[in-house]
Amino acid sequence: MRLSVKSFLCSLCLGTLAVARLSEEFNEELHLRPLPDGKLAARFSFSTLLKGATPRHPETLGVEDESQLYTLFPLALGQILREYAVTELHLTLNAGNWNYDRWGYPDEPGVGTGAELWAWMGEGGTVTVDSRWRGLRNALAGLFCASLGSLDEQRTTSPVLTFQPEGSLPNGNASYQLRHATLPSEHVCTENLTPFLKLLPCKSLSGIASLLNPHKLFDADWHGLGVHVRYLESAGVEVRLAFQAVFDPVRAASDKRRDWSLSAVFDRRIERVCPVARSSVIRVRLPQNEVYAIIPSPSTMDKTYATYIVQEVGKPLDVAIIRPEETLFEYLIEPQTHISVHRTLNGASQHAGQLALTITNNHDIQLQTGYLETMPWLLQFYLHTLHAHIDGMPRDDLVKLISYIPPLPHVQPALLQAVLTLPPKTTLWLTMDVVKPFLAYTEHPPDAQRGWDLPPAVFVPFASQNGSETDSDPQLHAVLSDVRSTRMYTPVLLVDLATPDFSMPYNVIIMSCTLIALIFGMVFNLLTRQFVVVRVGEQSS
Amino acid sequence: MPPAILIKIRKYLRPDGDKNAIRIRRRRKLIGALWASLPSVIVVLLAVGYLWMLSIPFPALGQRTYIDENALQPGQVNTHWNWDDVHRADRYLEALEQLRDRNASSVEVADYLATEFRRAGLSADTQEYSFFTTNGSKTGVNAYATFSSPRASGTEAMVISASWLSRTGEGDGTLNLRGVSTVLSLAWFLRGYSLWAKDLIFVVSDGYLEGMQAWVTEYHGVSQPNLQAEPLRLSSGVIWTALNIDYPGHSFSHLGVFFEGLNGRLPNQDLINSFQRISLYTGGVPMLVYDHRDDVEILGLPSWTPESIRDNSELKEYARRAKNVVRHVAYQARGQASGVHGLLHQFRIDAITLFAVPATGPHGFHAIGRIVESTLRTMNNLLERLHASFFFFLLVGPTTFLKIGSFLPSAVLISVAMMFCGLQGWVKAGWVWMLDEAQATKDEKVHKRVGNGRWSRRQRPVLKAVMVMAATHGLGVVVFYLLTRSWYLHNSTVAPLLVSSLLAVLPLTSLLLLPKQPAQEAPLPVMLKSLNLCLTSTVISILSVLNFSLAAVIAFLTGVPLCYASSSARSELRIAKYMAYTTLAFGWVALQRYEVLKAVANWELLGVWFAPFMCIVYAPLVLQAALVCLLPSESA
């Protein structure tokens, strides 16, 4: 493997572009999907494959690295990956709440609000995983202009069950570690998109990426960008840059209909192809059981998808779907996912509260789901009060395999994992008492009266452990194959901790100075006074 | 050699002799003078306190309101609410009027509302609830919808609400149809914008107050023992601000703001001030405090009064402000919410009610829609909770208010007078003027000799006085228990009389506590009065920062009577005084039946502690003064 990388790098050094093109491969794809509530989901995926490459082994961190000469592969990102010997990396920056009930599962599973970063890194060598993790955070923060540096030890956990590697880990016998952190208060905007576009070989000048118009993207109901690096044993190192957004054509249109076109949604058309892209594809999921027209005519088309190969179709390309018979769009919503989750923080006091979750199984078969909380110490669980109810009846037996790492105040967050069993067509109520700690006044953020954002909980619906049961029931099998390894993120929460009035310090200083002055005066008086007997009576008479 | 006058002054200031002895003598003289003038000090404090209360509406006092939180930027946006939104509101109104005309049930109405919310593309649901009180049960169905704003994380939310019954007549059946139509049309309109940074929650609550109480307690996961409500299936973020729309008439001329919450809580003043500016400058609708129109003849003086008095602008302004203050005190002292918004304050939500004051014109849906839109945009700007402006204020006019420092001292001065009076009583209770020389010389603690008698120490029966006080508070608990029973609520003539006669007779048992050796011990009335005054003063001081209006009312009612309660030699006079004080203490049980029922209902439904406070704290305190008058004072 190493030999092939060397030869590949050598060929790069020689500047033979033909060889380089064979070794690096760039594919772009746009997936457009109408959602049941009239919205339009768009997913851009730009993947660059570095053929035959392997991630850097942590034990080689002390020695000088091979030179990195890429034509398509983003150098800025490649340097970070090599510097900190990262095997697999996932960074997402999202704005908005992914509404599972209305939109179903997203194309990219990482839809938690705010920033989420997780990485698998090999152990060994002179530099520890934690110090490499710190370096990685800061490097990515600089690269993407995001506050990823705040993903410090107080937010870092290692929930290996939920965040399994998506690629393969080289050297089967070496041990790997996961680092995961979320920052729900991070906002995504143009300053993150610009460095993101810079990593693309054609920037946003041509090809599908030319549709990435910040004015439209950041007006979308939901939008998020992601960077996914993984190692595929048979292929090499793959960097996939993804942008996902949910547009509302009804909101944008003056006639309040949900017809859409690329020019209406993105305010741009595809004028030319990206010359270095090996494939450049637009896939449009077609409406079912409706009258519609799709223009221009796609390269290939079946019942569910229309596919445009951008190199082949005429330019400028402006894909549109028109529903000529529809005048007014009526919303009609059924839950689109297997389970629906709501998470709320109850209680009005600033000292204690209750974390309440309602998890509804929308299917008529029993499901299981993993439940993960990575909670900063700003909210501390009373684990013994974790109870499950169904219609008011206690059903604590449905919560199994609880693993819990308690938080260390000011140091490390709590990690709570459990497996929940959801009977068919029922709602499970999960409640747990929490306590809100008292912060030192220096720990409050500048906008102290806002409260603190708490990261989303993650649910992973999965197949029942009983394999034979799954096989025997074809319906169950169909459902579970659909469900498998899809992460679902709950919305983030805001917690109110006891917050001082920050104009108070002045009052406190004035008050305490006065009190101290008074006390000092009295004590000083008593200490320096001489006590004598004074005859008053004789003189007064 | 200095001039003679300087020497004289120096001699006066520094007389010859032992310096320390002079100092001690001077100090004694000063204390003596203070003690001698204490009765007049008390009179002065009381007078200043009462006059201060009367001068609160004075036009010279108070200052202009201002926006404290810079993020709010009220009225700085272009509004988009337009005539087709007004048209939609009209269509909704027609549909709601049809529902009203065919006497649709709560379930039907709520289902209609939820369907309309869903057609607008929002997640909507209904919530059934029933309250169980001694006065029967109240059931209803709320409809609510959440709009998760595009791009927002949904951690914060704003509420736009309307109750099915208007606050006109405290929910006596006037429907708030236009308010509900406004909310429906707003739901359709507001979801068309991607600029919201907070989620929007639309609530149409059933009934007047009870629907919102059921909704807001369930939203915060707080259980109330006498409330059975469906849990909410839709959730959103932490609610920071809320607007409640009350539009009962056909058109309106002014928008009135109602802001008092349960137990005297007030919203942040920035909310009211922003609304005032937006209403005036964006909507062109002047804001009123409550529904007090400023164009009506405020003084109402008969025609024979001289014109200089009738047309005196200062006097008119005083009357206008006094009207607002009295209304405010009436709400706040009772701990009553002046509208549906008041139920939200208990969960730290800053909320007000916009009341469209019914008139023949000129404003309608167009104005109220724009004003609500702009106010929501202002609230949308908040990065933190409202915290910059005042939470303690007295709004005497739409743009004039009093800070806490300029009204709090009125009640506190009276409370200080009472404390002085009580301490004076305590000192007096410890001393007795003995005429018998022979007996007095044996006493070791003889301090002073005047004429042919002397002051000597005596014991203070603290325990007896405290027991009497505890018994009166116990009686208060019994009264509160009786008032919350259903037989009291249903027997409108017998029960109040029965309770009041019980109250009149039971305290007489304290006559049994008479001391056996009057000379050695201070008389019970003196002790009782002293402790009673100290306790009342403390209660008023503490209360003044929790609920100023209630503290002011208590201070106003008890200040003079408690300070000047005294026993007398003639038993008829004693009985008469006792009856007068008992009337002050418990008269409301017999005379203010409607108020009693309302206070009890507020306690049971909404947890307003006015009823228990009056029964267990206020009335027993006055009853103690009544006992002071009743018990014979032997030393006299």
Side-chain angles (χ1 to χ4, degrees), chain A residues 37-38 94-97 99 101-102 113-114 184-185 187 218-223 246 248 250-251 256 329-333 342-348 350 353-354 356 358 360 427 429 431 447-451 453-454 491-496 499 501-503 532 534-536 538-540, chain B residues 15-25 27-29 69 71 117-124 148-157 191-195 197 199 216-223 231-238 240 346-349 382-388 391:
Chain A
D37 68 342
N94 301 323
N97 261 332
N99 192 333
D101 283 350
R102 295 175 155 223
T113 306
S185 53
H187 290 283
F218 294 116
D219 188 43
D221 280 24
W222 187 96
H223 50 84
V246 174
D248 189 353
V250 184
R251 165 153 63 82
K256 304 291 168 202
F329 173 60
E330 290 272 333
Y331 294 91
L332 194 79
I333 313 298
H342 286 279
R343 187 175 66 146
T344 50
L345 190 60
N346 290 337
Q350 293 184 330
Q354 190 187 48
T358 56
T360 309
T427 300
W429 296 76
T431 57
D447 46 356
Q449 297 285 340
R450 181 172 189 274
D453 289 283
L454 300 179
V492 297
L493 293 174
L494 195 68
V495 60
D496 276 324
T499 312
D501 175 358
F502 275 94
S503 65
V532 291
V534 179
R535 308 252 169 231
V536 184
E538 293 103 49
Q539 294 232 341
S540 72
Chain B
D16 302 325
D18 188 357
K19 248 195 262 170
N20 292 316
I22 291 163
R23 196 185 294 153
I24 289 167
R25 240 180 283 136
R27 193 184 296 160
R28 278 188 186 170
K29 214 189 263 176
E69 170 67 88
F117 280 130
R118 277 192 205 111
R119 281 188 52 209
L122 309 177
S123 313
S148 30
S149 300
R151 311 185 292 173
S153 61
T155 48
E156 306 112 56
R191 68 158 175 91
Y193 295 91
S194 61
L195 44 81
D199 280 5
V216 78
T217 47
E218 273 305 319
Y219 190 90
H220 291 89
V222 177
S223 60
L232 302 180
R233 280 178 288 267
L234 301 172
S235 58
S236 185
V238 180
W240 280 3
Q346 52 187 327
F347 296 104
R348 229 183 138 204
I349 302 166
L382 284 176
L383 295 173
E384 305 178 58
R385 274 177 192 280
L386 283 170
H387 65 281
F391 283 101

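Below, chains carry the letters A, B, ... as their sequence lines are ordered, and counting in each starts from 1.
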Closest approach of [X] and [Y], non-hydrogen atoms and distance?
X        : Y        : answer
A/Arg251 : B/Ser194 : NH1-CB, 3.0 Å
B/Arg348 : A/Gln449 : NH2-OE1, 3.5 Å
B/Ser235 : A/His342 : OG-ND1, 3.4 Å

Picking from [options], which has the most non-hydrogen pairs under 4.5 angstrom with chain B?
options                      : answer
A/Pro491, A/Ala95, A/Ala356  : A/Ala95
A/Asp221, A/Leu345, A/Thr427 : A/Asp221
A/Thr113, A/Val492, A/Thr344 : A/Val492

Would you say [X] and [Y] make side-chain contact, with heavy atoms under 4.5 Å?
X        : Y        : answer
A/His223 : B/Arg151 : yes
A/Asp447 : B/Glu384 : yes
A/Asp453 : B/Thr155 : yes

Notebook entry, point to check: With respect to chain A, which residue among B/Arg233, B/Gln346, B/Arg385 yields the maximal number of heavy-atom pairs within a distance under 4.5 Å?
Noted result: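 The candidate making the most pairs under 4.5 Å is B/Arg385.
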Next item on the list: Pick whichever of B/Leu382, B/Val222, B/Ile24 has the most heavy-atom pairs under 4.5 Å with chain A.
Entry: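 Most heavy-atom pairs under 4.5 Å with chain A: B/Ile24.
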Notebook entry, point to check: Can you check whether B/Ser153's main-chain N or O pairs, donor with acceptor, with A/Asn97's side chain at less than 3.5 Å?
Noted result: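 Looks like yes, one N/O pair under 3.5 Å.
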Next item on the list: Apply the test side chain to side chain contact (heavy atoms under 4.5 Å, CB included) to residues B/Glu156 and A/Leu494: give CA-CA distance (whole Å), side-chain angles for both, the deciding distance (0.1 Å), then the verdict.
Entry: CA-CA 7 Å; B/Glu156 306 112 56; A/Leu494 195 68; 3.7 Å; yes
Notebook entry, point to check: How long is the span from the CG atom in B/Leu195 to the CG atom in A/Asp219, to the nearest 0.5 Å?
Noted result: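 B/Leu195 CG to A/Asp219 CG: 9.0 Å, rounded to 0.5 Å.
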